[in-house]
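See structure below.
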Protein chains: 2
Amino acid sequence: MADFPHYMTIGVVSKRTGCKVETIRYYERVGLLAAPVRSLGGHRHYDHDALKRLNFILRARQLGFTLDTVRALLSLADGEGKSCAEVEGIAGNHLAEVRGKLEDLAVLEKVLTDMVARCRGGTMPDCPLIEALFEDGTAGRRDGGN
Amino acid sequence: MADFPHYMTIGVVSKRTGCKVETIRYYERVGLLAAPVRSLGGHRHYDHDALKRLNFILRARQLGFTLDTVRALLSLADGEGKSCAEVEGIAGNHLAEVRGKLEDLAVLEKVLTDMVARCRGGTMPDCPLIEALFEDGTAGRRDGGN
DNA sequence: CTTGAACCTGTAGTTACTACAGGTATTAGG
DNA sequence: CCTAATACCTGTAGTAACTACAGGTTCAAG
């Protein structure tokens, strides 16, 4: 009944999604969100679809997808169906990356834990952790680096 | 006997450490490496200490310390002894961060694995992975995020 | 009609490098 | 001694994904 507006200002969208106003504008600039309609004065007015799309982006970002990948995902989503295999491919790649990072971090955690443990005992003449850092350090190298 | 030079050019340092030339210059610019002596023509000449210091930096970076933290670590290292507790503090904080990331990534890995698994089966009308991304997605949130 | 909050654009800063462009030094070979 | 190839030099701009202003306009409430 009451005719409160069927659009949302950028501030409202921000509050509903937890995404900062600047970030929303940024997503528009880089082409992830369509430019919304504007009020006479130039303020952005969003509808419910825009909210959905932004939530999609945010969720994908939470899962660690890059913006480029999100863009790809969105265009597949827009294409409706028949893209499932492609989506799976993208997600699978990303999953592999995540697993790689997970392994790296696990190694890291171990090395750091050891270092900190060796350090306990307080004020020694030479901190064993510092010494360890001065040592050669071919610890967890995974490749020569690009 | 032979008097081959006791210094190294930046290229040699690069090869010995695996650190790119540009990165070495960068570390100098941001104050992690002291400016080395120069040849008459302006080329940088490094001694063995510089190499040690660079290795320290690289090792710390490998362990995920930020450059700011490396700076702090280096100044503690220069201070000799009596800093062990501080070093331990810094490393301990970093370790906590690493453990946090590790947990986040583990959650991520699980979610992604589930998604990809649901996707298997190929060409369905609506890709379940895409659908999942459109869903609310308050999955692994750890804080409001600054 | 006034005020204060929310909005606008555009630019610059963040992290830790990396990649030029355009020019000079060094060194190995002839 | 000269030359050509390589390595080096400076300075600037680009990368990812935002974030943070500055300086101005619009909106909604009272």
Side-chain angles (χ1 to χ4, degrees), chain A residues 2-5 7-33 35-46 50 54 56-74 94 97 101 144-146, chain B residues 2-5 7-33 35-46 50 54 56-74 94 97 101 144-146:
Chain A
D3 59 351
F4 58 79
Y7 62 81
M8 290 166 280
T9 64
I10 198 168
V12 171
V13 173
S14 171
K15 248 159 237 159
R16 292 221 178 159
T17 57
C19 180
K20 294 198 174 159
V21 167
E22 289 96 335
T23 306
I24 299 173
R25 285 196 285 246
Y26 171 73
Y27 286 159
E28 180 183 332
R29 255 209 331 280
V30 298
L32 288 170
L33 290 174
V37 294
R38 302 284 188 124
S39 71
L40 288 175
H43 287 197
R44 289 167 176 84
H45 285 177
Y46 293 95
L54 179 52
F56 182 102
I57 297 168
L58 294 174
R59 179 119 172 85
R61 292 288 302 129
Q62 251 181 60
L63 294 175
F65 289 98
T66 65
L67 286 191
D68 267 359
T69 308
V70 174
R71 218 184 309 274
L73 249 20
L74 276 169
H94 180 54
E97 267 175 45
K101 271 189 208 163
N146 63 319
Chain B
D3 60 350
F4 59 80
Y7 62 81
M8 291 165 277
T9 64
I10 197 168
V12 171
V13 172
S14 170
K15 248 159 238 159
R16 293 221 178 159
T17 56
C19 181
K20 294 194 173 161
V21 167
E22 290 95 335
T23 306
I24 299 173
R25 287 196 284 248
Y26 171 73
Y27 285 158
E28 181 183 331
R29 254 207 334 280
V30 300
L32 287 170
L33 289 174
V37 293
R38 301 285 187 121
S39 71
L40 288 175
H43 287 195
R44 290 169 176 83
H45 285 178
Y46 294 94
L54 178 53
F56 182 103
I57 296 169
L58 294 174
R59 179 119 171 85
R61 291 289 303 130
Q62 248 183 61
L63 293 174
F65 289 97
T66 65
L67 286 190
D68 266 1
T69 307
V70 175
R71 219 187 307 275
L73 249 21
L74 276 169
H94 181 53
E97 267 173 46
K101 271 189 208 162
N146 57 314

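Every chain is numbered from 1, with letters handed out A, B, ... down the list of sequences.
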Are OP1 or OP2 of dC8(D) and a side-chain N or O of Ser39(B) less than 4.0 angstrom apart?
no
Distance below 4.0 Å between Arg44(A) side-chain N/O and dC8(C) OP1 or OP2
yes
Hey, which of these two, Arg29(B) or Val12(B), hits DNA chain D nearer its 5' end, going by closest nucleotide?
Val12(B)
Side-chain atoms of Ile10(A) come closest, of dC8(C), dC8(D), dC17(C), to dC8(C)
Rounding to a whole Å, what distance do you find between Tyr26(B):OH and dC20(C):P?
19 Å
Would you indicate, yes or no, if dA17(D) has its OP1 or OP2 atom less than 4.0 angstrom from a side-chain nitrogen or oxygen of Tyr27(A)?
no
Measure from CG on Leu54(B) to P on dC17(C) and round the result to the nearest Å.
11 Å
Considering just the side-chain nitrogens and oxygens of Lys20(B), establish if one lies under 4.0 Å of OP1 or OP2 belonging to dA19(C).
yes
Would you mind reading off the distance between Ile24(A) atom CD1 and dA17(D) atom C1', rounded to a whole angstrom?
15 Å
As a test of reading the structure: which of dC17(C), dC7(C), dA19(C) is closest to the side chain of Val21(A), going by heavy atoms?
dC7(C)
Report yes or no: does Arg71(A) contribute a side-chain atom to a donor-acceptor pair with the main-chain N or O of Val30(A) at less than 3.5 Å?
yes
Hey, mind stepping through Ser39(A) and Tyr7(A) against side chain to side chain contact (heavy atoms under 4.5 Å, CB included) and telling me if it holds?
CA-CA 11 Å; Ser39(A) 71; Tyr7(A) 62 81; over 6 Å; no
Rounded interatomic separation in angstrom, taking CE from Met8(A) and C1' from dC27(D):
18 Å
OP1, OP2 of dA16(D) versus side-chain N and O of Thr66(A): anything below 4.0 Å?
no
Within less than 4.0 Å of OP1 or OP2 of dA17(D), is there a side-chain N or O belonging to Thr23(A)?
no
So, OP1 or OP2 of dT10(D): does either fall under 4.0 Å of a side-chain N or O from Arg38(B)?
yes
Which nucleotide in the list dA25(C), dC18(D), dC8(C) gets nearest to the side chain of Arg25(A)?
dC8(C)
Least distance between heavy atoms, Val70(B) atom then Phe65(B) atom
CG2-CB, 4.0 Å
Distance, rounded to the nearest Å, where Asp68(A) contributes CG and dA17(D) contributes C1':
11 Å
Of the nucleotides dC8(D), dT10(D), dA16(C), which one has an atom closest to the side chain of His43(B)?
dC8(D)
Ignoring hydrogens and geometry, is there a side-chain-to-backbone donor-acceptor pair from His94(A) to Leu63(A) under 3.5 Å?
yes
Atom CG of Leu33(B) to atom P of dC17(C): distance rounded to whole Å?
12 Å
Roughly how many Å is it from CD in Glu22(A) to C1' in dT9(C), rounded to a whole number?
13 Å
Tell me the interatomic distance from Leu40(B), atom CG, to dT24(C), atom P, rounded to whole angstroms.
17 Å
Please give me the minimum heavy-atom distance between Thr66(A) and Arg61(A), naming the atom from each residue.
CA-NH1, 3.9 Å
